[in-house]
Chemist: 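Encoded as structure tokens, here's the structure I'll be asking about.
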Protein chains: 2
Amino acid sequence: MRAPEQPYHHGDLRAALLERAAERLRLGTVADLSLRALARDLGVSHAAPSRHFPDRQAFLSALARSGWERLDAALAAADPGADAGLRPRLLALGRAYVRFATAEPALLELMFAGKAAGESHDGPGLSGPDSLVEDAQARGEARAGDPGELATALWAALHGVAALSVSGVLRGADVDALLVQTVDALLDGLRPR
Amino acid sequence: MRAPEQPYHHGDLRAALLERAAERLRLGTVADLSLRALARDLGVSHAAPSRHFPDRQAFLSALARSGWERLDAALAAADPGADAGLRPRLLALGRAYVRFATAEPALLELMFAGKAAGESHDGPGLSGPDSLVEDAQARGEARAGDPGELATALWAALHGVAALSVSGVLRGADVDALLVQTVDALLDGLRPR
DNA sequence: CCAACATTGTTGTCGGCGACTACATTCACT
DNA sequence: AGTGAATGTAGTCGCCGACAACAATGTTGG
């Protein structure tokens, strides 16, 4: 009763392509990713992927979408929650962001290259009902101001740290120290108090 | 005494390729950039570019290097100088950064995708002898701390704003407002004082 | 139950690209 | 003037994405 070695239908080629592509992206760049090579890997013909994605761009968009989901999940998992103070929370989120960027640089690049392709995205875990900023304001840890705008500013700073750490421009400088510096500047300000 | 219509030698094919490629990058992505198409544009044979760049990657690296020079120049031109306060200075630099990113999104992406390919780069105009941070510290506008590390944190934040604005995740939100929020958080801190 | 029909996969082909080789023309220097 | 380096040309190879025609399998309603 074993399944035949080579069933005509793959089962879930679409998911398999996305999964294998994510693996490949961990090693190489998006430019090195070829649908034909993936198809070869999975033992299907070179045209099979076209049954699931109209063209390469659509495939990359789907890949980016799954990347956003994984980043959201990683940040949600790293968030110590509203009970923690703002600083530990920002540091934990920042570290998770950097970890994701380091583990999957090409995927992160693809996610941000998606432009209008990727539907709207609010900045992972930073805004929304359980907003980090609103929590901090409620605890008196953040000054007043539009929570959405403040959250975006925080997101921008964390994203900048992750982007720089991945890009190699830091030349071996301590990424975690950079993150701490950035978070502390955001919380207490550069100006002497 | 006019030059022949089609001289055998181009004159400065290398520079022409880089220049034309930069133009193309203003419209499309780096993936759409082909050496053969550029050669066609410039009226040379498809193999001519290989005389100047051993392979496509080397060409892209050279393009990225010229991008860094232009970004450095743009930031240097936008810097109001040490006489200005820290806030106006950061805002001016941030606006120039965003302007560059908006005008040349694909080039900026290429510059940061260069990874180890691009030689070290200190973060445009933010560090070095005429460091913005050292100036601010001298004026009492910034707390003590390693100027290099603080400058990198500032760079990360500004880069994050530019990256987000280019990526489209902001969905039409006001980029300049985001920049102002970010700079103000960096200067005065999010915590109430 | 089985006959349409939709879904998914295959083979074949096309043009474009990057890389490489062999050859041609021009330049620069002695 | 002569010779070697620099620069450009033509041709080829293999890989890729896109497309078309065809085959196998899954599904559904009469």
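Here is the naming used below: chain letters follow the sequence lines, and residue numbers restart at 1 for every chain. Hydrogens, waters and symmetry mates are skipped; everything else that's a heavy atom, side chains included, is used.
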Chemist: Could you tell me whether the side chain of B:Glu104 and the main chain of B:Arg26 form a donor-acceptor pair under 3.5 Å?
Modeler: no
Chemist: Quick test of your reading of the model: are B:Asp188 and A:Arg143 salt-bridged, counting only N-O distances below 4.0 Å?
Modeler: no
Chemist: Are the ring centres of B:Phe59 and B:His52 closer than 6.0 Å?
Modeler: no
Chemist: To the nearest 0.5 Å, how far apart are CG in B:Leu63 and CZ in B:Arg56?
Modeler: 10.0 Å
Chemist: By the 4.0 Å heavy-atom rule, please label A:Arg14 as base, sugar-phosphate, or nothing.
Modeler: nothing
Chemist: Is there a side-chain contact between A:Arg51 and the phosphate of D:dA24, meaning an N or O under 4.0 Å from OP1 or OP2?
Modeler: no
Chemist: Rounded to the nearest Å, what distance is computed from the CG atom of residue B:Leu35 to the C1' atom of nucleotide D:dG8?
Modeler: 15 Å
Chemist: Take the protein atom NE2 of A:His52 and the nucleotide atom C1' of C:dG9, then report the distance between them rounded to whole Å.
Modeler: 8 Å
Chemist: Closer than 4.0 Å, any side-chain N/O of B:Ser34 to the OP1 or OP2 of C:dC17?
Modeler: yes
Chemist: Looking at every strand, decide which applies to A:Ser45 at a 4.0 Å heavy-atom threshold: base, sugar-phosphate, or nothing.
Modeler: base
Chemist: Kindly assign one of parallel, tilted or perpendicular to the pair A:Phe112 and A:Trp155, based on the angle between their ring planes and the thresholds 30° and 60°.
Modeler: tilted
Chemist: To the nearest Å, give me how far apart CG (B:Asp32) and P (C:dG16) are.
Modeler: 15 Å
Chemist: If I take atom CG in residue A:Asp55 and atom P in nucleotide D:dA18, what distance separates them, rounded to the nearest angstrom?
Modeler: 5 Å
Chemist: Base, sugar-phosphate or nothing for B:Arg56? Non-hydrogen atoms, less than 4.0 Å.
Modeler: sugar-phosphate
Chemist: Mind calculating the distance between CG (B:Leu17) and P (C:dG18) to the nearest angstrom?
Modeler: 12 Å
Chemist: Round to a whole Å and report the spacing from CZ of B:Phe59 to P of C:dC17.
Modeler: 14 Å
Chemist: Mapping A:Val44 and A:Arg36 to their closest nucleotides on DNA chain C, which lands nearer the 5' end?
Modeler: A:Val44
Chemist: In whole angstroms, how far is the P atom of C:dT10 from the CZ atom of A:Arg40?
Modeler: 14 Å
Chemist: Rounded to the nearest angstrom, tell me the gap between atom CG in B:Leu13 and atom P in D:dT9.
Modeler: 8 Å
Chemist: Can a donor-acceptor pair under 3.5 Å be found between the side-chain atoms of A:His46 and the base atoms of C:dG12?
Modeler: yes
